[in-house]
Number of protein chains: 2
Amino acid sequence: MAGVKFSRQRQAIMDYLCSTKEHPTAETVYTNVRLHYPNVSLGTVYRNLNLLAEEGEILRLTCGDGSDRFDGNPKPHYHFLCNGCQRVLDLAMEPLNHIDILAAAGFDGIIEGHTVLFHGKCPDCKK
Amino acid sequence: MAGVKFSRQRQAIMDYLCSTKEHPTAETVYTNVRLHYPNVSLGTVYRNLNLLAEEGEILRLTCGDGSDRFDGNPKPHYHFLCNGCQRVLDLAMEPLNHIDILAAAGFDGIIEGHTVLFHGKCPDCKK
DNA sequence: TCTTAAAATAAGAATCGTTACTAATATTTT
DNA sequence: AAAATATTAGTAACGATTCTTATTTTAAGA
(Lines give C-alpha, C1' and ligand atoms only; values in the text may rest on other atoms or scores of the structure.)
Protein backbone atom coordinates (compact mmCIF):
# COMPACT_ATOMS: atom_id res chain seq x y z
CA MET A 1 0.00 0.00 0.00
CA ALA A 2 1.53 3.21 -1.22
CA GLY A 3 2.52 5.67 1.43
CA VAL A 4 1.50 3.47 4.33
CA LYS A 5 4.13 2.40 6.83
CA PHE A 6 3.98 -0.36 9.37
CA SER A 7 3.31 0.62 12.96
CA ARG A 8 3.27 -1.44 16.13
CA GLN A 9 0.12 0.29 17.27
CA ARG A 10 -1.79 -0.53 14.11
CA GLN A 11 -0.60 -4.12 14.31
CA ALA A 12 -1.80 -4.35 17.91
CA ILE A 13 -5.21 -2.96 16.93
CA MET A 14 -5.47 -5.50 14.13
CA ASP A 15 -4.35 -8.32 16.42
CA TYR A 16 -6.93 -7.43 19.03
CA LEU A 17 -9.74 -7.17 16.49
CA CYS A 18 -8.87 -10.57 15.05
CA SER A 19 -8.70 -12.16 18.48
CA THR A 20 -12.25 -11.36 19.53
CA LYS A 21 -15.71 -12.44 18.45
CA GLU A 22 -17.21 -9.36 20.07
CA HIS A 23 -17.67 -6.31 17.89
CA PRO A 24 -15.86 -3.70 19.93
CA THR A 25 -16.22 0.06 19.80
CA ALA A 26 -13.18 2.30 19.33
CA GLU A 27 -13.18 2.89 23.08
CA THR A 28 -13.07 -0.85 23.79
CA VAL A 29 -10.29 -1.36 21.26
CA TYR A 30 -8.45 1.47 22.98
CA THR A 31 -8.67 -0.04 26.47
CA ASN A 32 -7.64 -3.46 25.22
CA VAL A 33 -4.71 -2.30 23.13
CA ARG A 34 -3.59 -0.27 26.12
CA LEU A 35 -3.04 -3.48 28.08
CA HIS A 36 -0.03 -4.14 25.83
CA TYR A 37 0.86 -0.59 24.79
CA PRO A 38 -0.01 1.54 27.82
CA ASN A 39 0.42 4.82 26.02
CA VAL A 40 -1.37 4.49 22.73
CA SER A 41 -3.70 7.39 22.33
CA LEU A 42 -7.37 7.28 21.46
CA GLY A 43 -6.72 9.37 18.37
CA THR A 44 -4.32 6.72 17.10
CA VAL A 45 -6.98 4.07 17.55
CA TYR A 46 -9.55 6.08 15.62
CA ARG A 47 -7.12 6.96 12.85
CA ASN A 48 -6.07 3.35 12.35
CA LEU A 49 -9.59 1.95 12.55
CA ASN A 50 -10.55 4.37 9.79
CA LEU A 51 -7.51 3.43 7.74
CA LEU A 52 -8.07 -0.31 8.13
CA ALA A 53 -11.76 0.04 7.29
CA GLU A 54 -10.95 2.04 4.15
CA GLU A 55 -8.39 -0.54 3.07
CA GLY A 56 -11.03 -3.20 3.56
CA GLU A 57 -9.08 -5.08 6.23
CA ILE A 58 -11.82 -4.70 8.82
CA LEU A 59 -15.53 -3.87 8.78
CA ARG A 60 -17.20 -0.85 10.34
CA LEU A 61 -20.65 -1.48 11.81
CA THR A 62 -22.97 1.46 12.33
CA CYS A 63 -25.76 0.19 14.53
CA GLY A 64 -27.34 3.53 15.34
CA ASP A 65 -26.79 3.15 19.07
CA GLY A 66 -24.04 5.50 20.10
CA SER A 67 -20.69 4.50 18.67
CA ASP A 68 -19.59 2.55 15.65
CA ARG A 69 -18.30 -0.97 16.15
CA PHE A 70 -15.59 -2.82 14.28
CA ASP A 71 -15.19 -6.37 13.05
CA GLY A 72 -11.81 -7.96 12.36
CA ASN A 73 -13.41 -10.28 9.83
CA PRO A 74 -13.62 -8.28 6.59
CA LYS A 75 -15.57 -10.93 4.69
CA PRO A 76 -19.06 -9.50 4.14
CA HIS A 77 -21.56 -11.02 6.55
CA TYR A 78 -24.64 -9.96 8.45
CA HIS A 79 -25.07 -8.85 12.03
CA PHE A 80 -27.66 -8.93 14.77
CA LEU A 81 -28.13 -6.25 17.43
CA CYS A 82 -29.78 -7.43 20.65
CA ASN A 83 -32.20 -4.83 21.95
CA GLY A 84 -31.85 -6.34 25.40
CA CYS A 85 -28.09 -6.24 26.03
CA GLN A 86 -27.00 -4.23 22.96
CA ARG A 87 -24.55 -6.94 21.96
CA VAL A 88 -23.80 -7.48 18.28
CA LEU A 89 -23.58 -11.05 17.03
CA ASP A 90 -22.57 -12.56 13.71
CA LEU A 91 -25.22 -14.35 11.70
CA ALA A 92 -24.48 -17.40 9.56
CA MET A 93 -26.38 -16.65 6.39
CA GLU A 94 -25.58 -16.39 2.73
CA PRO A 95 -25.24 -12.98 1.04
CA LEU A 96 -28.66 -11.66 0.02
CA ASN A 97 -27.60 -10.74 -3.50
CA HIS A 98 -31.15 -10.93 -4.80
CA ILE A 99 -32.38 -7.98 -2.76
CA ASP A 100 -30.17 -5.65 -4.81
CA ILE A 101 -32.06 -6.83 -7.88
CA LEU A 102 -35.36 -6.20 -6.15
CA ALA A 103 -34.20 -2.73 -5.15
CA ALA A 104 -33.01 -1.95 -8.67
CA ALA A 105 -36.43 -2.71 -10.16
CA GLY A 106 -38.12 0.60 -10.85
CA PHE A 107 -35.13 2.58 -9.59
CA ASP A 108 -33.36 4.75 -12.12
CA GLY A 109 -29.98 4.79 -10.36
CA ILE A 110 -27.35 2.11 -9.72
CA ILE A 111 -27.59 -0.19 -6.72
CA GLU A 112 -24.05 -1.09 -5.68
CA GLY A 113 -24.78 -2.88 -2.45
CA HIS A 114 -26.62 -2.86 0.84
CA THR A 115 -26.22 -3.06 4.57
CA VAL A 116 -28.59 -5.06 6.73
CA LEU A 117 -28.86 -5.16 10.49
CA PHE A 118 -31.23 -7.58 12.19
CA HIS A 119 -32.54 -6.94 15.67
CA GLY A 120 -34.40 -8.81 18.39
CA LYS A 121 -33.47 -10.85 21.44
CA CYS A 122 -30.17 -12.70 21.68
CA PRO A 123 -30.01 -16.28 23.04
CA ASP A 124 -29.27 -14.96 26.54
CA CYS A 125 -31.89 -12.21 26.60
CA LYS A 126 -34.74 -14.23 25.12
CA LYS A 127 -35.38 -15.95 28.45
CA MET B 1 -51.71 10.07 24.03
CA ALA B 2 -51.52 10.45 27.75
CA GLY B 3 -49.59 13.42 29.05
CA VAL B 4 -48.84 14.86 25.63
CA LYS B 5 -50.11 18.33 24.77
CA PHE B 6 -50.42 19.96 21.40
CA SER B 7 -47.76 22.49 20.42
CA ARG B 8 -47.49 24.73 17.38
CA GLN B 9 -43.81 23.92 17.07
CA ARG B 10 -44.37 20.17 16.94
CA GLN B 11 -47.15 20.69 14.42
CA ALA B 12 -44.84 22.80 12.27
CA ILE B 13 -42.14 20.11 12.42
CA MET B 14 -44.69 17.48 11.39
CA ASP B 15 -46.03 19.70 8.60
CA TYR B 16 -42.58 20.28 7.21
CA LEU B 17 -41.65 16.61 7.33
CA CYS B 18 -44.84 15.66 5.50
CA SER B 19 -44.31 18.34 2.87
CA THR B 20 -40.94 17.10 1.64
CA LYS B 21 -39.66 14.04 -0.20
CA GLU B 22 -36.17 14.72 1.05
CA HIS B 23 -35.11 13.01 4.24
CA PRO B 24 -33.93 15.95 6.27
CA THR B 25 -31.59 15.99 9.24
CA ALA B 26 -32.61 17.66 12.50
CA GLU B 27 -30.56 20.67 11.45
CA THR B 28 -32.46 20.95 8.16
CA VAL B 29 -35.79 20.60 9.91
CA TYR B 30 -34.64 23.34 12.25
CA THR B 31 -33.76 25.83 9.51
CA ASN B 32 -36.99 25.13 7.63
CA VAL B 33 -39.29 25.37 10.62
CA ARG B 34 -37.54 28.61 11.51
CA LEU B 35 -38.81 30.16 8.28
CA HIS B 36 -42.28 30.15 9.86
CA TYR B 37 -41.35 30.24 13.55
CA PRO B 38 -38.15 32.29 13.69
CA ASN B 39 -37.38 31.44 17.28
CA VAL B 40 -37.88 27.74 17.68
CA SER B 41 -34.81 26.28 19.26
CA LEU B 42 -32.76 23.36 18.07
CA GLY B 43 -33.47 21.53 21.31
CA THR B 44 -37.19 21.73 20.62
CA VAL B 45 -36.65 20.21 17.19
CA TYR B 46 -34.63 17.31 18.59
CA ARG B 47 -37.07 16.69 21.44
CA ASN B 48 -40.05 16.58 19.11
CA LEU B 49 -38.36 14.48 16.47
CA ASN B 50 -37.56 11.94 19.18
CA LEU B 51 -41.12 12.08 20.49
CA LEU B 52 -42.67 11.66 17.05
CA ALA B 53 -40.33 8.81 16.19
CA GLU B 54 -41.16 7.01 19.44
CA GLU B 55 -44.88 7.46 18.81
CA GLY B 56 -44.36 5.97 15.36
CA GLU B 57 -45.55 9.08 13.52
CA ILE B 58 -42.26 9.51 11.66
CA LEU B 59 -39.26 7.32 10.83
CA ARG B 60 -35.71 7.84 11.97
CA LEU B 61 -33.03 6.87 9.44
CA THR B 62 -29.52 6.16 10.63
CA CYS B 63 -27.36 6.11 7.53
CA GLY B 64 -24.00 6.13 9.24
CA ASP B 65 -22.93 9.39 7.64
CA GLY B 66 -23.00 12.05 10.30
CA SER B 67 -26.50 12.83 11.46
CA ASP B 68 -29.74 10.92 11.59
CA ARG B 69 -32.40 11.76 9.04
CA PHE B 70 -36.17 11.74 9.40
CA ASP B 71 -39.02 10.66 7.19
CA GLY B 72 -42.56 12.01 7.54
CA ASN B 73 -43.90 8.81 6.05
CA PRO B 74 -44.07 6.31 8.93
CA LYS B 75 -45.07 3.36 6.76
CA PRO B 76 -42.11 0.97 6.73
CA HIS B 77 -40.19 1.22 3.47
CA TYR B 78 -36.60 0.99 2.26
CA HIS B 79 -34.09 3.70 1.51
CA PHE B 80 -31.15 4.35 -0.77
CA LEU B 81 -28.11 6.44 0.11
CA CYS B 82 -26.23 7.94 -2.84
CA ASN B 83 -22.50 7.78 -2.29
CA GLY B 84 -22.10 10.61 -4.77
CA CYS B 85 -24.32 13.35 -3.36
CA GLN B 86 -25.28 11.72 -0.04
CA ARG B 87 -28.96 12.14 -0.78
CA VAL B 88 -31.42 9.59 0.58
CA LEU B 89 -34.19 8.37 -1.71
CA ASP B 90 -37.22 6.18 -1.15
CA LEU B 91 -37.32 2.82 -2.87
CA ALA B 92 -40.53 1.24 -4.14
CA MET B 93 -40.16 -2.35 -3.02
CA GLU B 94 -42.16 -4.77 -0.94
CA PRO B 95 -41.15 -5.60 2.64
CA LEU B 96 -38.47 -8.30 2.67
CA ASN B 97 -40.17 -10.44 5.31
CA HIS B 98 -38.42 -13.58 4.17
CA ILE B 99 -34.97 -12.39 5.16
CA ASP B 100 -35.98 -12.53 8.83
CA ILE B 101 -36.70 -16.22 8.31
CA LEU B 102 -33.31 -16.70 6.66
CA ALA B 103 -31.63 -14.91 9.55
CA ALA B 104 -33.48 -16.98 12.12
CA ALA B 105 -32.21 -20.26 10.63
CA GLY B 106 -29.37 -21.46 12.80
CA PHE B 107 -29.72 -18.54 15.19
CA ASP B 108 -30.71 -19.36 18.73
CA GLY B 109 -32.25 -15.97 19.54
CA ILE B 110 -35.37 -14.18 18.30
CA ILE B 111 -35.29 -12.09 15.11
CA GLU B 112 -37.81 -9.28 15.53
CA GLY B 113 -37.01 -7.25 12.44
CA HIS B 114 -34.34 -5.65 10.31
CA THR B 115 -33.13 -2.44 8.79
CA VAL B 116 -31.77 -2.27 5.27
CA LEU B 117 -30.02 0.56 3.52
CA PHE B 118 -29.04 0.31 -0.13
CA HIS B 119 -26.26 2.37 -1.61
CA GLY B 120 -24.88 3.26 -5.02
CA LYS B 121 -25.33 6.06 -7.52
CA CYS B 122 -28.56 8.04 -7.71
CA PRO B 123 -30.13 8.89 -11.09
CA ASP B 124 -28.33 12.26 -11.13
CA CYS B 125 -24.92 10.99 -10.04
CA LYS B 126 -24.76 7.94 -12.27
CA LYS B 127 -23.81 10.07 -15.27
C1' DT C 1 25.48 1.27 9.31
C1' DC C 2 24.27 6.30 9.03
C1' DT C 3 21.21 9.72 7.00
C1' DT C 4 17.19 11.41 5.78
C1' DA C 5 12.42 11.97 4.17
C1' DA C 6 7.94 10.39 4.91
C1' DA C 7 4.64 8.55 7.92
C1' DA C 8 2.90 7.68 12.53
C1' DT C 9 2.59 8.93 17.14
C1' DA C 10 0.88 11.00 22.00
C1' DA C 11 -1.41 14.50 24.03
C1' DG C 12 -4.69 17.51 24.13
C1' DA C 13 -7.68 21.07 21.96
C1' DA C 14 -11.49 21.57 18.93
C1' DT C 15 -15.66 20.17 16.49
C1' DC C 16 -19.94 17.88 15.60
C1' DG C 17 -24.35 15.98 16.63
C1' DT C 18 -27.21 15.55 20.32
C1' DT C 19 -29.14 15.79 25.03
C1' DA C 20 -29.99 17.97 29.59
C1' DC C 21 -31.17 21.82 32.41
C1' DT C 22 -33.87 25.89 33.85
C1' DA C 23 -36.87 29.63 34.20
C1' DA C 24 -40.60 31.37 31.51
C1' DT C 25 -44.70 30.44 28.54
C1' DA C 26 -48.45 27.80 26.39
C1' DT C 27 -52.03 24.41 26.71
C1' DT C 28 -55.48 21.87 29.04
C1' DT C 29 -58.37 20.91 33.07
C1' DT C 30 -61.21 22.31 36.79
C1' DA D 1 -60.35 32.49 35.21
C1' DA D 2 -57.27 29.87 38.09
C1' DA D 3 -54.66 25.79 38.80
C1' DA D 4 -52.13 22.08 37.01
C1' DT D 5 -49.03 20.38 33.80
C1' DA D 6 -46.62 20.10 29.37
C1' DT D 7 -43.72 22.70 26.31
C1' DT D 8 -40.67 26.11 25.14
C1' DA D 9 -36.20 29.13 24.17
C1' DG D 10 -31.82 29.55 25.38
C1' DT D 11 -27.83 27.74 26.84
C1' DA D 12 -24.68 24.61 29.09
C1' DA D 13 -23.02 20.02 28.89
C1' DC D 14 -22.10 15.69 26.78
C1' DG D 15 -19.99 11.68 24.13
C1' DA D 16 -17.94 10.42 19.89
C1' DT D 17 -14.77 11.70 16.66
C1' DT D 18 -11.39 14.62 14.25
C1' DC D 19 -7.73 17.90 14.13
C1' DT D 20 -3.20 20.15 15.49
C1' DT D 21 1.50 20.14 16.75
C1' DA D 22 5.73 18.73 18.32
C1' DT D 23 8.12 14.36 18.62
C1' DT D 24 9.27 9.62 17.41
C1' DT D 25 9.27 5.56 14.09
C1' DT D 26 9.82 3.51 9.98
C1' DA D 27 11.96 2.44 5.61
C1' DA D 28 14.84 3.52 1.79
C1' DG D 29 19.28 5.06 0.08
C1' DA D 30 24.20 6.31 0.38
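Residue numbering restarts at 1 for every chain, and letters A, B, ... go by the order of the sequence lines. If you're wondering where the values come from, they're calculated on a predicted model, not measured in any experiment.
To the nearest 0.5 angstrom, A/Tyr30 atom OH is 6.0 Å from A/Leu42 atom CG.
In the model, A/Glu54 has no side-chain atom that pairs as donor or acceptor with a side-chain atom of A/Asn50 under 3.5 Å. Looking at A/Arg47 and A/Thr44, their side chains do bring a donor and an acceptor atom within 3.5 Å of each other.
The aromatic rings of A/Phe107 and B/Phe80 lie tilted to each other, with the angle between the two planes from 30° to 60°. Below 30°, between 30° and 60°, or above 60°: for B/His77 and B/His23 the angle between ring planes is between 30° and 60°, a tilted geometry.
A salt bridge does not link B/Lys75 with B/Asp71: none of the charged nitrogens is closer than 4.0 Å to a carboxylate oxygen.
For the pairing with B/Ser7, the side chain to side chain contact (heavy atoms under 4.5 Å, CB included) check across B/Arg10, B/Gln11, B/Lys5 returns one residue only, B/Arg10.
Distance CG (A/Asn48) to C1' (D/dT18): 14 Å, rounded to an integer number of Å. Rounded to an integer number of Å, the gap from CG of A/Leu49 to C1' of C/dT9 is 15 Å. For the pair A/Gln11 CD and C/dA7 C1', the interatomic distance rounds to 17 Å; values are reported in whole Å. The separation between B/Asp65 atom CG and D/dT17 atom P is 14 Å, rounded to whole Å. If you measure from atom CG of A/Leu51 to atom C1' of D/dT26, you get 15 Å, rounded to the nearest angstrom.
Phosphate proximity of C/dT27 to B/Arg8: present, with a side-chain N or O under 4.0 Å from OP1 or OP2.
Scanning for side-chain hydrogen bond (donor to acceptor under 3.5 Å, both in side chains) contacts around A/Thr115 gives an empty result, with sequence neighbours left out.
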Notebook entry, point to check: For every nucleotide of nucleotides 10-20 of chain C, 5' to 3': is a protein heavy atom under 4.0 Å from its base (B), only from its sugar-phosphate (S), or from neither (-)?
Noted result: BB-----SBB-

Which atom pairs link the protein and nucleotides 28-30 of chain C when you take only N or O atoms and keep those under 3.5 Å?
none

